[in-house]
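Here's the structure, in structure tokens; my notes come after.
Remember, it's 1-based here, ligands and their atoms both numbered in the order they're listed. Remember, it's a predicted structure, so these values are computed and weren't measured experimentally.
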Amino acid sequence: MSDYDYDLFVIGAGSGGVRAARVSAAHGAKVAIAEEYRVGGTCVIRGCVPKKLLIYGAHFAEDLKDARRFGWNVPDCDFEWPVLRDNVLADVDRLNKAYTHTLESHDVEVILERATVSGPNEVTLASGRTISAGRILIATGARPHVPSCPGHELGITSNEVFHLEALPKRVLIAGAGYIANEFAGIFNELGTKVTLINRSDVILRGYDESIRDRLLQISMTKGIDFRFHAEFRGITKNADGSLKVEMTEHEPIDVDCVMFATGRVPNTDGLGLSDVGVELDEKGAVKVDAYSKSNIDSIYAVGDVTNRMQLTPVAIREGQAFADTVFGDTPRTVDYDSVPSAVFSHPPMAGVGLTEGQARMKFGSIKVYTSDFRAMKNVLADRNERALYKMICDAETGKVIGLHMIGPDAPEILQAAAVAVKAGLTKQAFDDTVALHPSMAEELVLMK
Ligand code: NDP
């Protein structure tokens, strides 16, 4: 029998925490999990899931337009934001219940309170109760970073955007990363005038140059305004309730909503970690080893709070590996090589492995193959929007070391192709595979 109240106490019921708690319990551990907001975490409650549903909702704008070219008599359609918003939020409620049920059915005790670390083997709940645990897992995720400028409190972040009372007529989005480009697409499709501003002149830093250039070009054609080298000077409220945004290098702009999408920071403030000697990095992330263990033997961390790779499936793998290692007697680490990712912009983009720039730096001699094409559906729809696929190979071995694409269904197509890249296949292996015609994915085996 353990001397502790629990074998494992997890703080944060998001993707990583829930997986770790459930699997640890299945391995026989006595587990409790504390959550201060809602079980499910960022991905389920205010991230990937509701965002993807909004993407589907927004895309109907184009589909309804295109349908006319395919013979459908589509009358002018109105869009009702409250209907989409409430249906999405209802689905979030459903998932929140499903996650809670999964935990409870695995005998994990769910404690809906904020918990902080008060010792290497002790947590304190907001109610004042202290609990002892053999191991403590920090899975508190990250929160939106908001640059400090006068009036920043007048803006919203991805936390609030799903709850907007009304769709703004004009929105200014700050940042040019994942969230900024995804919401620029959503708002633009739904009829909002979008201006995206960024401090540098680069969108989606880290993605392949040609692919992000294509997104920029398509987004501008769709009517999204981009302003670069623009740093916030301040936001003020106009007499009519709208917001005036002042920035460097550009004229001020009046909008109805300002949304910050300027990165996310690890959620470690006020958690008590430094007081018990847990080392944090300069961004406040918990420093961990390959087994997700901090410098304190009983304290571990998984997911965005460690700032290794801020992606849901990665947090889930980290949670699984932690549970198998600590309670399943099967030491496991996570392989961060060739992790595919996608940006659900309009159109979406996806990639795996090295970008052309990274590959040139690492390998020196590489071969690049591309396919620049207009999807069949876009041709008939008279939509002048081209897809771009790009394959990067080691010139010596022919091994595919990077694969990047932008175009309809790019994330769906890339997930399958990522298996081949992860398996270390060559360009020849792709070419040896007969094309599946007519499809967009066939371009993968026809690249020149
Ligand atoms: P990103 O890191 O993708 O982009 C941040 C953007 O904000 C960049 O354009 C950056 O500019 C700018 N920025 C950063 N700090 C400041 C600052 N102090 N002042 C002004 N601008 C700033 O962050 P997101 O918020 O979009 O998303 C956070 C993370 O969440 C992503 O990195 C990703 O890991 C994850 N995510 C994944 C999604 C997916 O898988 N589809 C969807 C949404 C989020 P610069 O380029 O100059 O540094």
Side-chain angles (χ1 to χ4, degrees), residues 14-16 41-56 141-150 152 155-162 172-186 195-207 209 211-212 215-216 219 226-235 245-250 258-267 282-285 303-316 318 336 339-352 405-406 410-412 414-415 418:
S15 301
T42 299
C43 174
V44 171
I45 305 294
R46 49 194 174 194
C48 326
V49 171
K51 179 273 310 281
K52 186 75 187 270
L53 293 172
L54 291 188
I55 300 274
Y56 281 130
R143 64 177 189 283
H145 159 77
V146 175
S148 54
C149 71
H152 64 80
I156 62 163
T157 68
S158 55
N159 285 351
E160 292 78 38
V161 72
F162 300 103
L172 179 139
I173 300 179
Y178 282 80
I179 297 176
N181 281 286
E182 292 181 341
F183 274 92
I186 292 169
T195 305
L196 190 149
I197 74 166
N198 198 33
R199 60 181 178 183
S200 67
D201 60 356
V202 174
I203 69 164
L204 289 159
R205 194 187 293 285
Y207 267 86
E209 299 77 0
I211 304 293
R212 17 180 243 225
L215 177 65
L216 181 59
S219 300
F226 287 80
R227 292 185 176 192
F228 294 122
H229 301 298
E231 296 220 22
F232 269 92
R233 282 224 176 99
I235 310 174
V245 183
E246 297 194 59
M247 66 201 88
T248 57
E249 306 273 335
H250 298 268
V258 174
M259 176 176 171
F260 291 102
T262 40
R264 295 175 62 83
V265 288
N267 252 335
E282 64 289 349
K283 290 195 166 138
D304 288 1
V305 76
T306 64
N307 205 17
R308 285 177 280 189
M309 216 176 245
Q310 292 188 345
L311 295 172
T312 297
V314 173
I316 290 172
E318 289 169 355
Y336 296 94
V339 172
S341 65
V343 183
F344 294 93
S345 40
H346 274 82
M349 48 194 267
V352 64
M405 49 177 70
I406 179 167
E412 306 292 340
L414 186 98
Q415 173 70 84

Atom indices of ligand 1 within 4.0 angstrom of R264 heavy atoms, with elements: 28 (C), 30 (O)
Is there at least one pair of N or O atoms, one from I179 and one from ligand 1, spaced under 3.5 Å apart? yes
Tell me whether F344 has any N or O atom under 3.5 angstrom from an N or O of ligand 1. no
Over all heavy atoms of both residues, which pair between P147 and T262 is shortest? Give the atoms and the distance, please. CD-OG1, 3.3 Å
Taking only heavy atoms of K51, which atoms of ligand 1 are found under 4.0 Å from at least one of them? 41 (N), 42 (C)
For atom 39 (C) of ligand 1, what is the nearest protein heavy atom, given as residue, atom name and distance? Y178 CD2, 3.3 Å
If you scan protein heavy atoms around atom 4 (O) of ligand 1, the nearest is G177 CA, 3.3 Å
Where do N181 and L204 land on the side chain to side chain contact (heavy atoms under 4.5 Å, CB included) test, with the steps shown first? CA-CA 8 Å; N181 281 286; L204 289 159; 3.6 Å; yes
So which bit of A342 gets within less than 4.0 Å of ligand 1, heavy atoms only: side chain, backbone, both or neither? backbone
Y178 side chain to S345 side chain, donor-acceptor N/O pair below 3.5 angstrom: no
Yes or no on side chain to side chain contact (heavy atoms under 4.5 Å, CB included) for S219 and F226, after CA distance, side-chain angles and deciding distance? CA-CA 9 Å; S219 300; F226 287 80; 3.7 Å; yes
Could you pull out the closest heavy-atom pair between L311 and D304, with the gap in Å? N-OD1, 3.9 Å
Atom 7 (O) of ligand 1: the protein heavy-atom neighbour that sits closest, reported with distance to 0.1 Å: T262 CA, 3.2 Å
So, are R308 and E318 salt-bridged, with charged N and O less than 4.0 Å apart? yes
Go through M259 and I179 one step at a time and tell me if the side chain to side chain contact (heavy atoms under 4.5 Å, CB included) criterion holds. CA-CA 10 Å; M259 176 176 171; I179 297 176; 3.8 Å; yes
Closest heavy-atom pair and its distance - Y207, S341: OH-OG, 2.7 Å
Of R199, M349, E231, the residue with the heavy atom nearest atom 22 (C) of ligand 1 is R199
Indicate the ring-plane relationship of F232 and F260, choosing parallel, tilted or perpendicular according to the 30° and 60° boundaries. tilted
Nearest non-hydrogen protein atom to atom 34 (O) of ligand 1, with distance, is Q310 O, 2.8 Å
Looking at every heavy atom in both L196 and G175, which two are closest together, and how far apart are they? CD2-O, 3.2 Å
Short N/O distance, under 3.5 Å, between R205 and ligand 1? yes
Should we say atom OH of Y56 is surrounded by more than 12 heavy atoms from elsewhere, each under 6.0 Å from it? no
Within ligand 1, which atoms have a heavy atom of G175 less than 4.0 Å away? 7 (O), 9 (O)
Just to confirm my output: which protein heavy-atom neighbour is closest to atom 2 (O) of ligand 1, and how far is it? G263 CA, 4.3 Å
Quick one: does L311 get an N or O within less than 3.5 Å of an N or O on ligand 1? no
Is A261 in contact with ligand 1, taking contact as a heavy-atom separation below 4.0 Å? yes
Near A176 (heavy-atom distance under 4.0 Å), the atoms of ligand 1 are 6 (C), 8 (C), 9 (O)
So which protein heavy atom does atom 12 (C) of ligand 1 come closest to, and at what separation? N198 OD1, 3.7 Å
In ligand 1, the atoms that come under 4.0 Å of a heavy atom of P147 are 19 (N)
Look at atom 42 (C) of ligand 1 and say which protein heavy atom is nearest, naming residue and atom and giving the distance to 0.1 Å. E182 OE1, 3.3 Å
Is there a heavy atom of H145 sitting under 4.0 angstrom from any atom of ligand 1? yes
Other residues, nucleotides, ligands: >12 heavy atoms within 6.0 Å of Q415 CD: no
